[in-house]
Protein chains: 2
Amino acid sequence: MRHSTPQESTPCETCPLRKNPAFRPFDAQQLAFVKSFRTGEIAVAAGETVLSQGRASDSIYTVLKGWGYRYKSLDDGRLQILNFIMPGDLIGLQGAVLDEMGHSVNASSDMVLCVFNRRKLWSLFSEFPSLAYDLTWLASREEQLLDEHLVSLGRRSALERIAHVLLLLHDRAAETGAAPEGRMPYPFSQQQLADTLGLSLVHTNKTLRKLTDRGVMTWRDRSFVLTDRDALCEIAKYDYAEKQPRPFI
Amino acid sequence: MRHSTPQESTPCETCPLRKNPAFRPFDAQQLAFVKSFRTGEIAVAAGETVLSQGRASDSIYTVLKGWGYRYKSLDDGRLQILNFIMPGDLIGLQGAVLDEMGHSVNASSDMVLCVFNRRKLWSLFSEFPSLAYDLTWLASREEQLLDEHLVSLGRRSALERIAHVLLLLHDRAAETGAAPEGRMPYPFSQQQLADTLGLSLVHTNKTLRKLTDRGVMTWRDRSFVLTDRDALCEIAKYDYAEKQPRPFI
DNA sequence: CGGGTTCTTGACTAGTTTCAAGCAAAGTGG
DNA sequence: CCACTTTGCTTGAAACTAGTCAAGAACCCG
């Protein structure tokens with residue numbers, strides 16, 4: 001893993017996540033513990049690798065800024081994106097609890113990550129059950145997102161799949177205030193969208209065109225705008241559920 | 001949820017999982033806590049529903065005997081099986097931590113489940129960090145299985161997918177000693193296999209035939225035998241990793 | 001202003017689904 | 001105990017969705 005020079009640390013007190021109403025507040029004790037659990041902060045440039053499949057990682061990270069994606073690749077070059085990673089998400093837990101990372105993580109935009117020492121994970125469990133519970137919350141939510149993704153790949157048509165991820169991505173970004181007015185500034189390529197949905201690049205492009213022809217969305221500059229959300233929901237059979245403030249570590 | 005009359009309880013001391021070398025042992029304190037956490041035991045007949053999508057569940061379960069599957073269904077009847085459930089697996093955590101179950105669980109054979117009170121989950125975190133850690137282990141492993149499944153649905157051909165699940169299913173069963181001599185007695189239909197792999201029943205059947213014609217497996221009486229494991233591994237690009245004793249609750 | 005990505009489009013092909021029909025095994029009721 | 005029904009498996013043919021190949025256009029970066 002290569003990344004840019006470590007930034008000077010943002011102290012936990014001014015952590016961008018803590019100001020965000022989408023995230024639940026910390027009490028003083030929890031904050032004190034998290035400060036001791038944390039070993040620093042790193043910046044990862046767009047396109048670089050944060051974690052590699054097959055390796056054990058010494059660290060766990062919480063995303064402070066930027067977007068990334070979690071993926072698995074096969075020997076012959078086929079690649080499957082498992083999930084997208086946004087601010088507040090925790091990455092590397094699998095590598096900390098099991099012995100080896102089953103997936104890789106790449107940054108799709110410049111990211112800033114809060115770094116935690118894997119070896120102190122145990123003290124989180126023994127001293128801060130409330131944080132351990134939050135960890136489990138985070139793991140359950142990830143499972144729920146994967147479940148939904150599995151339904152898409154297994155049972156939805158290309159058109160439904162695309163409409164569905166677009167809505168999902170938008171709503172996940174909107175949760176943390178990152179998608180104003182239906183505009184989703186996720187910096188990814190059509191190839192990445194294809195690798196997410198288990199489609200070929202060409203078919204993804206043609207399906208995207210079908211959606212823009214119907215006037216429900218536009219794709220430009222590696223991001224998209226939902227111009228007719230209702231129609232998209234109709235296509236994807238998607239319904240939005242109001243989110244409660246969520247935990248993070 | 002309807003199930004048969006509650007069986008008389010197997011005491012934790014004679015729990016079938018505890019005797020099984022595939023599972024890590026409990027110490028006396030943990031055992032005492034689990035006994036208080038546990039509210040009883042239920043039997044679920046093959047075909048019945050254990051948990052329903054959309055509902056909150058008051059209980060969490062550990063499978064003592066039998067097999068089942070976790071799935072999501074869409075309004076129009078399409079169905080996607082997310083994962084299979086075997087002895088030692090924990091179900092219902094998502095419903096306990098988040099507020100609603102995003103999936104359903106059905107029994108594919110007669111099952112016996114150990115029932116825990118969702119409301120006491122918090123005391124598990126606060127009093128037994130070692131068990132909380134095990135819970136996280138279990139959640140991470142589920143995530144890993146889902147990741148692998150996602151790769152299958154997204155990037156593997158029908159032939160690869162079938163070879164891959166068959167091996168996975170066999171090895172998961174073998175872990176707990178339930179698949180002697182390559183014979184996997186999983187009682188499921190081809191329709192269920194199709195719903196697992198995101199394929200149609202017809203194509204699943206034809207692909208299964210292709211595999212039996214090549215002499216690598218046989219399918220009979222709703223279970224299968226791996227007659228040429230190496231060839232299957234070759235097709236699926238599958239490699240087996242030795243498993244350590246795993247936790248359970 | 002080149003050279004490299006990324007996006008776009010058309011033509012052709014392959015893999016998978018859908019439709020349709022028949023068979024076998026297991027259960028059900030008279 | 002035997003018709004009758006149901007459920008699961010099997011097979012072929014036709015239709016269609018998505019993949020591959022190929023080539024050009026647009027965009028980005030140095």
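Labels below follow one simple rule: chain letters A, B, ... track the order of the sequence lines, proteins then strands, and each chain is numbered from 1.
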Which nucleotide wins on minimum distance to the side chain of A/Q190, given the candidates D/dC9, C/dT6, C/dT8?
C/dT8
Spacing between A/L201 atom CG and D/dA22 atom P, to the nearest angstrom:
16 Å
Does the side chain of A/D171 come under 3.5 Å of the side chain of A/Y238 through a donor N or O and an acceptor N or O?
yes
Protein-nucleotide distance (B/Q191, atom CD; D/dC9, atom P), rounded to Å
9 Å
For DNA chain C, whose closest nucleotide is more 5', that of A/W219 or that of A/R155?
A/W219
Before giving the answer on ring-ring contact (aromatic ring centres under 6.0 Å, His included), spell out for A/F188 and A/Y69 the whole-Å C-alpha distance, their side-chain angles and the decisive distance to 0.1 Å.
CA-CA 10 Å; A/F188 55 13; A/Y69 57 96; 8.9 Å; no
Nearest whole angstrom, please: distance from the C1' of C/dA14 to the CZ of B/R156.
20 Å
In whole Å, I'd like the distance from the CZ atom of B/R78 to the C1' atom of C/dT18.
15 Å
As a test of reading the structure: which of C/dC7, C/dT18, C/dT16 is closest to the side chain of B/H203, going by heavy atoms?
C/dT16
Looking only at D/dG8, D/dT10, C/dG10, the nucleotide nearest the B/R209 side chain is D/dT10
May I have the distance from A/F188 (atom CZ) to C/dT5 (atom C1'), rounded to whole angstrom?
18 Å
Nearest-Å distance, CG (A/L197) to P (D/dT17)?
18 Å
By nearest heavy atom, map A/V202 and A/R161 onto DNA chain D; which one lands nearer the 5' end?
A/R161
Contact class for B/S189 (heavy atom, under 4.0 Å): base, sugar-phosphate, or nothing?
sugar-phosphate
What nucleotide, of D/dT20, D/dT11, C/dC7, holds the atom closest to the side chain of A/N205?
C/dC7
Nearest of C/dC7, C/dT18, C/dT16 to any side-chain atom of B/L199?
C/dT16
C/dG15 base to B/K206 side chain: any donor-acceptor pair below 3.5 Å?
no
How long is the span from the CG atom in B/L146 to the CG atom in A/D147, to the nearest 0.5 Å?
5.5 Å
What is the distance from CG of B/L208 to C1' of D/dC9, rounded to the nearest Å?
10 Å
Please work out which of the three classes, parallel, tilted or perpendicular, describes the rings of B/W219 and B/F224, given edges at 30° and 60°.
parallel
Counting only side-chain heavy atoms from C-beta out, which of C/dC7, C/dT18, D/dA18 sits nearest to A/R222?
C/dC7
dist A/R55:CZ -> A/E100:CD (nearest 0.5 Å) comes out at 10.5 Å
A/D213 atom CG is separated from C/dT8 atom C1', nearest whole Å, by 12 Å
What does A/T207 touch in the nucleic acid at a heavy-atom separation under 4.0 angstrom: a base, only the sugar-phosphate, or nothing?
nothing
